[in-house]
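Notes follow once the structure below has been shown.
Reminder, nothing fancy here: chain letters follow the sequence lines and each chain counts from 1.
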Amino acid sequence: MINKQIESFLQESSNPLIVILGPTASGKTDLSIKLAQRFSGEIVSADSRQIYKYMDIGTSKIKDTERKGIAHYMIDIIDPGTEFSVYDYREMAISCIDKVKWKGRTPFLVGGTGLYIDTVIYNYSLSPCVVTGVRDKLEEEYKNKGAKYMYDKLRSLDPFAARKIHPNNYHHLIRALEVYISTGRSKFGQSKKDKSGYDLFLVGINIDRDNLYERINRRVENMFDDGLVEETKKLVGMGYSTNLSSMSSIGYKEIIAMLGGEISEQECLLLIQKKTRNYAKRQLTWFRKNKDIIWI
RNA sequence: GGCCCGGUAGCUCAGUGGUAGAGCAGUGGACUGAAAAUCCUCGUGUCGGCAGUUCGAUCCUGCCCUGGGCCA
């Protein structure tokens, strides 16, 4: 069924990109391997955690033996201590897609990070991450003067952005101020979603909620059996800690809390399961607004 | 068999003679330099059952069902 559709899609398009998306534990990996085999494809990952080296179990990274000889990109590309931004992702992913095309193969973009996917399939205008120190200063100011002060500041500088950001949303607030102060323009000034140059075929994996949650619960249990705790210990031993965005991923953060004696092993397991369920729900919220997705 | 304490939202429980509310879970949503991050929204349920008292009972009384504890 989906094979037929892809077949005719590929015949008609000159610049195809097949996207496979869905919440965690929905079976993206299996489907992508099958389709890549069928359509001589190669896979570009759109997963914000699998980019990190050494974080395998907690991110359900695909194993070499499971790849069936299909080339994968954007996995294991950076060290957990390295800063990585959406801008970096977009640049690298697009060049990977180009590479797959030059090889005469079909590019598959597969993953669950909605922002990363959108960044590639729409023409997001992102600018490189320039460290100017503005952010540090803003964070310092936030700590000293509080949320309300900072929000008022944004309101007077960039009322349009302020209207779109909730006062409690720390990350968004800081970023909006940073953009305005360092560029003199609103963060939302260029928020236009134009289609990218690719011919897109979007496949979403849909599972009913109860089933999905059961799969998630089981997957987390398996992670414990497979050595998530040991993997986390190893990462901590290498000097990576929770203040890194890599290590604040679901799973690692909770294990670290358990190792620190803050929660019991049972609590830790339940917490990770819950956080993962909540995450899956957020992913679905993101995907739902894209009306071009064909759900299977 | 007797005595005591419970039975209220999926779970843990609070509460009032004028038909009820928190936490957790869950739901819907936002998102363009951390995105597995960050943030917002949403609480009607035979108040265990039946009968009685009352203008009115989830709240008082009686009986029954049911969970736990103590004494025999």
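Contact annotation: A:Arg282 does not reach the phosphate of B:rG28 (side-chain N/O to OP1 or OP2, under 4.0 Å). Applying the 4.0 Å criterion to OP1 and OP2 of B:rC31, one finds that A:Asn169 has every side-chain N and O outside that range. The side chain of A:Ser248 contributes no N or O atom lying less than 4.0 Å from OP1 or OP2 of B:rA37. Look at A:Tyr116 and you'll find a side-chain N or O under 4.0 angstrom from OP1 or OP2 of B:rA35.
The side chain of A:Ile250 sits closest to B:rA37 out of B:rG29, B:rA37, B:rA35. Comparing B:rG29, B:rU32, B:rC40 against the side chain of A:Arg288 picks out B:rG29 as the nearest. Set against B:rC31, B:rG33, B:rA35, the side chain of A:Tyr52 has B:rA35 as its closest nucleotide. For A:Arg175, the listed nucleotide lying nearest its side chain is B:rA34; candidates were B:rA34, B:rA35, B:rU38.
In this structure, A:Tyr279 atom OH and B:rA37 atom P are separated by 8 Å, rounded to whole Å.
Relative orientation of the A:Tyr89 and A:Tyr116 rings is parallel, given thresholds of 30° and 60° on the angle between their planes.
Counting only residues at least two apart or on different chains, the side chain to side chain donor-acceptor pair (under 3.5 Å) pairs with a member in residues 33-45 of chain A are A:Glu7-A:Arg38, A:Glu42-A:Tyr73, A:Glu42-A:Lys103.
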Using a cutoff of under 3.5 Å, can you pull out all pairs of nitrogen or oxygen atoms linking the protein to nucleotides 24-26 of chain B, with atom names and distances?
unit_1	atom_1	unit_2	atom_2	d
B:rA25	OP1	A:Lys274	NZ	2.2
B:rA25	O3'	A:Arg277	NH1	3.4
B:rG26	OP1	A:Arg277	NH1	2.6
B:rG26	OP2	A:Asn278	ND2	3.0

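For the pair A:His171 and B:rA34, the ring geometry qualifies as stacking, because the centroid separation is below 5.5 Å while the planes lie within an angle under 30°.
A:Ile20 places none of its side-chain heavy atoms less than 4.5 Å from the side chain of A:Leu202.
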